[in-house]
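Each remark here refers to the structure printed beneath this line.
Order of the sequence lines sets the chain letters (A, B, ...), proteins ahead of strands, with each chain counted from 1. Just so it is clear, the structure is predicted and the values come from calculations on it, not from any experiment.
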Amino acid sequence: MGRRRVSNNGILQGSFFMDGDTACAEGAICAGCRFFGGYPITPATEIAERMARRLPQVGGTYIQMEDEIASISAVLGASWAGTRAMTATSGPGFSLMMENLGLGIITETPCVLVNVQRGGPSTGMPTLVGQGDMMQARWGSHGPYETIALSPGSPQELFDLTIRAFNLAEKYRTPVLVMTDEAVGHMTERVVIPPLEEIEYYARRKPQVPPNGYLPYRPDPDGVPPMACAGEGYRIHVTGLTHNEKGYPDTVSVETQQKLVERLIRKIRANQDDIIELREDQVEEADVVVVAYGISARTAARPVRMAREMGLKVGLLKLVTVWPFAEERIRELAPKVEGFVVPEINMGQIAQEVERCAGGQAQTILVPHAGGGLHHPNDVLEAIKRVTSPQSTSAETSP
Amino acid sequence: MGRRRVSNNGILQGSFFMDGDTACAEGAICAGCRFFGGYPITPATEIAERMARRLPQVGGTYIQMEDEIASISAVLGASWAGTRAMTATSGPGFSLMMENLGLGIITETPCVLVNVQRGGPSTGMPTLVGQGDMMQARWGSHGPYETIALSPGSPQELFDLTIRAFNLAEKYRTPVLVMTDEAVGHMTERVVIPPLEEIEYYARRKPQVPPNGYLPYRPDPDGVPPMACAGEGYRIHVTGLTHNEKGYPDTVSVETQQKLVERLIRKIRANQDDIIELREDQVEEADVVVVAYGISARTAARPVRMAREMGLKVGLLKLVTVWPFAEERIRELAPKVEGFVVPEINMGQIAQEVERCAGGQAQTILVPHAGGGLHHPNDVLEAIKRVTSPQSTSAETSP
Amino acid sequence: MVDELTDVLISKHHPMDKLLRQDRLPHIWCSGCGLGTVLTCFVSALEKLDLDMDQVVVVSGIGCTGRAAGYLNLDGFHTTHGRAIPFATGLKLGNPELKVVVISGDGDLMAIGGNHFIHAARRNMDLTVICVNNFNYGMTSGQLAPTTPTNARTSTSPYGNAEHPFNVPYLAAATGATYVARWTVLHVRRLERSIIEAMNKRGFSVVEVISPCPTYYGRWNKMGSALEQMKYYHDKSTIRHWSDPAQADIGLEGQIIVGRFVDIDKPTFCDLLQGADQ
Amino acid sequence: MVDELTDVLISKHHPMDKLLRQDRLPHIWCSGCGLGTVLTCFVSALEKLDLDMDQVVVVSGIGCTGRAAGYLNLDGFHTTHGRAIPFATGLKLGNPELKVVVISGDGDLMAIGGNHFIHAARRNMDLTVICVNNFNYGMTSGQLAPTTPTNARTSTSPYGNAEHPFNVPYLAAATGATYVARWTVLHVRRLERSIIEAMNKRGFSVVEVISPCPTYYGRWNKMGSALEQMKYYHDKSTIRHWSDPAQADIGLEGQIIVGRFVDIDKPTFCDLLQGADQ
Amino acid sequence: MKLWRKPLDQDRVVVPRGEIHLIVERCKGCQLCATYCPRDVLEMSSLFNTRGYHPPQVRNARRCLVCGLCTMLCPEFAIYVEEVGHDQ
Amino acid sequence: MKLWRKPLDQDRVVVPRGEIHLIVERCKGCQLCATYCPRDVLEMSSLFNTRGYHPPQVRNARRCLVCGLCTMLCPEFAIYVEEVGHDQ
Amino acid sequence: MSRHEIRFSGFGGQGIITAGYILGKAASLFDQRHVTLIKSYGPESRGGASSAQVIISDEEIDYPRLTQPKLLVAMSQEAYAKYIGELASGGLLLIDEDLVEPCHPRDDIQVRAVPATRIAESELGRKIVANIVMLGFVAANADVASVEGIREAALSSIPKGTEELNSQALAKGYEYGNQLQSTMHKV
Amino acid sequence: MSRHEIRFSGFGGQGIITAGYILGKAASLFDQRHVTLIKSYGPESRGGASSAQVIISDEEIDYPRLTQPKLLVAMSQEAYAKYIGELASGGLLLIDEDLVEPCHPRDDIQVRAVPATRIAESELGRKIVANIVMLGFVAANADVASVEGIREAALSSIPKGTEELNSQALAKGYEYGNQLQSTMHKV
Ligand SMILES: Cc1ncc(C[n+]2csc(CCOP(=O)(O)OP(=O)(O)O)c2C)c(N)n1
Ligand SMILES: Cc1ncc(C[n+]2csc(CCOP(=O)(O)OP(=O)(O)O)c2C)c(N)n1
Ligand code: SF4
Ligand code: SF4
Ligand code: SF4
Ligand code: SF4
Ligand code: SF4
Ligand code: SF4
Ligand SMILES: [Mg+2]
Ligand SMILES: [Mg+2]
């Protein structure tokens, strides 16, 4: 189990008929992930199972921890050992990870957390789909912070975005959340795995100075500090307390706190053009824009097509990156459109962000779904029609 | 330790010079709380310490659990045993409670969770103030749900709102969050404890039917089901899975899920007039309304006064209830005012709600604070002046 | 072939039905799973206990075993994964007159819930815990558990388990339990008796039941039919009452020591609390 | 009175400084607290160990003890409360060449972190854990810990503790640790030696250090000055190497058994993993 | 496929010491009762219940001693035996 | 109040077998060194360092055997002893 | 319509999802069409309802759930009862004749039956391959994926050492289907 | 101005917060004024900086932190250095003369010194009541709360059995303050 036994042998290439969970695991392996610390939970278990089988084949380590708290803690530890690391869970486990997600954020630890969302709250509907953890992905840990969350709509996208998640994690030194769901995780489709050399790989940014000149939390101009890991001779100190650039705790200075927190937030917000990925379909000319993500963006394609067939000018704006939120784009579109329709498998989460950014210039219609199934195309179609029909009124983000 | 040894002897009455944490504990005792399961954490520890000393004096039970997860679990259990129960924590512990907060919500378990907020994220600034967990209070657990959260600005209010929290918890059968902070918890002021008979007491709503006719999750017209507890002969089944009115799991029916989730949300939203408590000061005639809560509402009083002395028409809208959000009131005010100023000790949380509800009809200016201290009066004053000065532009909720 | 079952009287109700939620039967457990038999033994024990059934509460966590609370016509709580014991602690302290029994799986109680288990044992909290050990996580389809024997295969130890398993009776005893027993699911009479003893015990009492999960663990480890697995565990067991639980490790092969290991008296949390308050 | 210290040479640096973050000294620990001495013994042990200090990593949780990682000029991680061990597990598995030491408090490791402790022990994860037991939560000002002796007073057991405490060496041994020792903080030489042995051990090694918290625990239990408390623990201890750790309970009064209790060989998680992968 | 169809309720064929009762639709055909009956009273039938399982039937009712083992072993609360008198 | 003022650096008074060094500002006056020195070499001074603690001083340097106990016991890395030769 | 929607259904343990997987894989990887397979789970590990939705299309699949399935494969009475209603008019119902007795007569669909379980049990000695027999029967009756594709997909998806058994099962089902078709043609 | 702002400061273990608490309690419960007391904590349990902010007002206290304290009580050199800057012009600085040596000369404030710790240690035999001696000194020098109130507040806030000791401490500090005042008047 020597450290450098990280091999690229055993990496798949070609076309496969695999489910989203498996694709996620394979994406991680292609992205260079060599540590998985996890705990089984429906519908994310297949990721762990795949990793348990595959990691040893590529020189990585799988460990099933005693719970999700231990899982994320081990992932953070492994990342500080210089290994790309991830865990995967679903709602209940994600909730348990919230405290240590905060540790990952304040210590700026690159790693990937996958949440295969299921019906909630609580134990809810373990085997069925939900998108109820989207706001939790933004706000679930205590204190002020920013986060990156991606949302795939198919196994192929789950593969692709898992790779992107690892690269964003390294680039911005932060835990990145892949907010997928049961529908995608358990859906089997063709997944094409390109040759390894064609897969983007953002290598960890290392210090360019010797240990005695190194300040572990002195950022580069983009707000991200280069990262020395354990065992590299830098003698770093890493703490979850408010700390200065040296990494030393300073828990009584408002200035230290402000500098740290503002930078943690700024490094995401200031780089949002790089982080935010949107997919737009006929948005520019649209009267109505359907804003959706993940599986709901996919199911929305049908009603959008139906509406267009009815002669309505409807665009589809797919949030591949959900957090940071595509605030600017929505603000830009709001004066140009009549309304936004936001289908999500929850009772109104991202719709509230859309409504906020629409700033009253376009109405926002939530198409809620309590969970356990996908939107029926007609539900979204009705909402589209409601925007375009004259009697419709202002915002309705409540169910 | 017999069950009925719940005594009202030993309840305080009169004026005391006590800190917020102590007032919180005394409020709980006056509200009939007879179980505290907790885990120490700065700056909430004094609540636990007070309860450890006081509960045995009034026939209650204090137990220090092994962690915060155990604490909230024990609190839920105690509530189902028919006892008013609470726990108190701060950010890191609150994050750990998120999973079982969801259990409390889906099983509709009345109880009170106090979060004495400190500077975050992560371990952050344990001994200093923060308001960074406000969105977490709304969204911190997975899945769709609604929540009630109160925010006091002084020890007296912390006393009063703790009592109110217990009554709301019983009335709406849900965990109620008291979102206070280090400034209030560690602030010592005069606290007047009225005679017990003057303190409101909302008794748990019990089934009016015999066990065989009882459906534990069949709601009364207000959406809240009467609650039979363990040992009362009703042979209830309670689960965190999606369940029908009988309380039985039904994890494959979208209808059951929808009915349950919609009711859980509706019972809060439909009763928001009863739940939402606002305190308004010269809001009606105002050009600028400062929207604030907790300690920030208190510190805002000074700049509001200063602004008025300068001739500005400024109102202060204090959100005593932060969740559910005073959406209607903001929507009502938006067309009448020029702007809202929202000081909070975080990087923008409730300000986003204000901005959303303002719907572009009035600008929203966040006055952020990363944590560890209170807003300087001038910071808020400047923001007020910015609204009223002509060159100011639209929303600025980002720092 | 005939259309009739020879010499069988067809019924709609079972004598134990009054303690069951008939409207939820049949349960979700697989054919050949040991869990149903554990439940039968539990109900049978209840029938023999001199208790007011309105005061008996069952708390489960999440897992196949965790479904137990949902089939019993008692006050029952199906909590979150791993949290049955602290929830039960709250119930007991909220109303000390309740008789609180936790029935849950090895994963629930020993993996994610391990800390609550050892702390409740340490406090000698007056609870009875029935831990059904099927050496894996059945509910999530057969992953590694902290009880999985070294080298055993599961869906997350496809090359063989690299961990040493917990010895449940030893862990219980070492952390303070006052009654500890272990049986396999085929030891129905002895199991029933141990459940009765455990529930009559004042203090933290633990009964471990070794039970097959033919659908996953059995299949991964090529243990033959459900029936064969049940028999396998039973045949491998050696009854050794009061033996040192430290010796009761379970390997992938080799004997399984069963019996009553611990039965001691010690003040419970409530006893000490009462003393302290006065 | 004079302005000078008689016969003392005034220095700016200490020979151990190269392993310390001098810019963070003096540390936050109270005068008379045992924690500083534990750190001295640890540094002294490091000096005697034949290790590349760039490969030694210290992980702490939250607590007074948890600050230890912050004073050592090693790679150091001050994690969240209770999570030092799983974080350390990730570090070790992420880079098995690291020598990973966890230094944390009894509350951190045994209360909120108890589950990680027993699971890491069970897996025989190759870590060294130094658990400083001061019988309470110092950092949060002296609450009950799972090590607080029965009847002892703390700020959350003002009427006396109604719980039975954990016996750390026994818990470690019962869950699988391969090296277990206990000393009081005044046993500086022996403690240093045990730290060396533990760090040389392949596997999960645990050293418990009994240390006074004069500011809280000592004051609540009227134990006199810091110095008296240190002496008290030392005087009460009886060295009994290889004695059964089950006998090593610590009460409010009575003796404290110290010594090396366990030193066995057993394949570690990594050993077994390597076997399984092949 | 043979579904079990005609209820034999109270349709006593012999006078046994114990009567074996079955709640057919609960049975999952696990064979525990038939395998462990110490008196070989039971055997598995080849009928299917509506959920596709083979319930047990009685091979030799007279041998039943009403020991109750089948009841205790049955994971489904599907079988039980009632003592109805002694075989004289 | 008496603050310690004049550094005595390298200002050797006797020729001891061991030299006792002190980093005055680290000392928290816990008395461990003075109490446990097996040779009674140390005693607590009545001076204050800037943080209000009394550091130890040497009562009888010649007795020091350079056993290192004071160094090991000091929680503050404030005291250490260097062997400088033998007292002949 | 270039979109085929198929539901496989039965109870847990019958290999329903495997059958759907093999069909989907055949269409996806061998026939190079767009395919989405959805598995449905109940709370039970065994014995509960089991179903697989397969969508095969020449275009990208937007809505990934069945809307109007034209082919229903039912291997249990319960599954039949649950899903017969959703089968589109003009659709085809394939059943295991020993396990399903159609009792909701519909004029607007075709029904074809195969004793898949019986064939698996008595002719092949392994009840467990009933799903593969059924798959062969599907291949013979519906033009959703090439038989070669299905064979290749099957052989690459099953445990090593069972290739022969599975080939035979597939062949048996396919033959049975073809014979039935020719019989029907004859009639 | 009806708002008095006072800072007590020193190091952990000196009873700084207790002193502030007693003063606040006196003003709040005995004098029936509005009072807010804020304790500041550092990460250390002992030996770190310690401070208490007391605001006493006839009106409701909106902003609960010091803005322009007119009274600073410093019982350590560090605390003195840290807080002397915030003391308002015309303010009063009270120090323990053995622990604080004023070294930031300001013309715009008054300074009065008391050997509180020495009095506690040598005259009362318990160094620990230095804070109460200081409180007496505060009462003599500043009109923020009635002496009777302070005495009552102190006696109801200290451990049983120490009433006599604390009364004496308070009296000693008060007397010392009064004598000093009269001395000053004489000059
Ligand atoms: C926080 C959380 N993590 C994971 C799960 C998923 N989960 C459900 S049951 C279970 C394991 C059950 O194993 P065990 O307790 O042994 O019960 P069994 O099914 O074997 O009877 C897991 C991991 C969950 N529900 N919640
Ligand atoms: C999740 C969480 N809960 C609680 C705390 C508060 N907390 C900090 S340290 C501590 C206990 C420390 O006790 P111990 O580990 O014994 O260390 P000591 O201070 O005694 O050395 C607690 C409860 C926290 N930081 N995080
Ligand atoms: S999966 Fe295993 S444990 Fe669960 S019901 Fe089936 S056989 Fe029993
Ligand atoms: S509070 Fe206790 S444990 Fe913490 S530094 Fe002080 S004496 Fe040591
Ligand atoms: S009661 Fe006993 S003898 Fe009779 S059928 Fe059942 S197991 Fe056999
Ligand atoms: S034991 Fe019960 S379930 Fe099993 S075959 Fe017999 S009657 Fe059926
Ligand atoms: S080295 Fe030993 S003898 Fe010398 S001063 Fe230190 S403790 Fe005393
Ligand atoms: S042991 Fe260290 S800190 Fe304590 S008195 Fe001696 S030199 Fe000072
Ligand atoms: Mg299990
Ligand atoms: Mg401790």
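- Using modelled atom types, one side-chain atom of Thr40(C) and one backbone atom of Cys74(E) make a donor-acceptor pair closer than 3.5 Å.
- To the nearest 0.5 Å, atoms CG (Leu73(E)) and CE (Met230(C)) are separated by 8.0 Å.
- When heavy atoms are compared at a cutoff of 4.5 Å, Ile79(E) approaches chain C solely by way of its backbone atoms N, CA, C and O.
- Of all non-hydrogen atoms in Cys33(C) and Pro75(E), the two that sit nearest each other are O-CB, 4.2 Å.
- At a 4.5 Å heavy-atom cutoff, Val38(C) makes no contact with chain E through either its backbone or its side chain.
- Between chain E and the residues Lys231(C), Arg189(C), Gln22(C), the largest count of heavy-atom pairs under 4.5 Å involves Arg189(C).
- Scanning both residues, Trp29(C) and Glu76(E), for their nearest heavy atoms gives O-OE2, 4.4 Å.
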>> Let's go through Leu32(E) and Leu186(C) carefully: what are the C-alpha distance in whole Å and the side-chain angles of both, what is the deciding distance for side chain to side chain contact (heavy atoms under 4.5 Å, CB included) to 0.1 Å, and is it a yes or a no?
In response: CA-CA 10 Å; Leu32(E) 270 176; Leu186(C) 271 191; 4.1 Å; yes
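- The distance from atom CG of Leu47(E) to atom CD of Glu4(C), rounded to the nearest 0.5 Å, is 8.5 Å.
- Between Gly32(C) and Cys30(E), the shortest heavy-atom distance links the atoms N-CB, 3.7 Å.
- Leu5(C) is listed as a side-chain neighbour of Leu22(E), based on a closest heavy-atom distance under 4.5 Å.
- No other option in Leu35(C), Asp17(C), Leu191(C), Val185(C) has as many heavy-atom pairs under 4.5 Å with chain E as Asp17(C).
- Nearest heavy-atom pair, Arg26(E) versus Leu25(C), reported as atom, atom and distance to 0.1 Å: CZ-CD1, 3.6 Å.
- Interface summary for chain E: among Pro214(C), Gly36(C), Ser225(C), the most heavy-atom pairs under 4.5 angstrom belong to Gly36(C).
- At a threshold of 4.0 Å, the pair Arg62(E)-Asp7(C) does not count as salt-bridged, since none of the basic side-chain nitrogens sits closer than that to a carboxylate oxygen.
- In plain terms, the two heavy atoms of Thr6(C) and Gln57(E) that are nearest each other are N-OE1, 3.0 Å.
- To the nearest 0.5 angstrom, Tyr36(E) atom OH is 5.5 Å from Leu227(C) atom CG.
- Side-chain contact, Lys28(E) with His27(C): a donor N or O sits under 3.5 Å from an acceptor N or O.
- With contacts defined as side-chain heavy-atom distances shorter than 4.5 Å, the pair Pro26(C)/Glu25(E) does not qualify.
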>> Between Thr71(E) and His14(C), is the side chain to side chain contact (heavy atoms under 4.5 Å, CB included) condition met? List the steps.
In response: CA-CA 10 Å; Thr71(E) 312; His14(C) 190 276; 3.8 Å; yes
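- Note that CD1 of Ile10(C) is 11.5 Å distant from CD1 of Ile20(E), once rounded to the nearest 0.5 Å.
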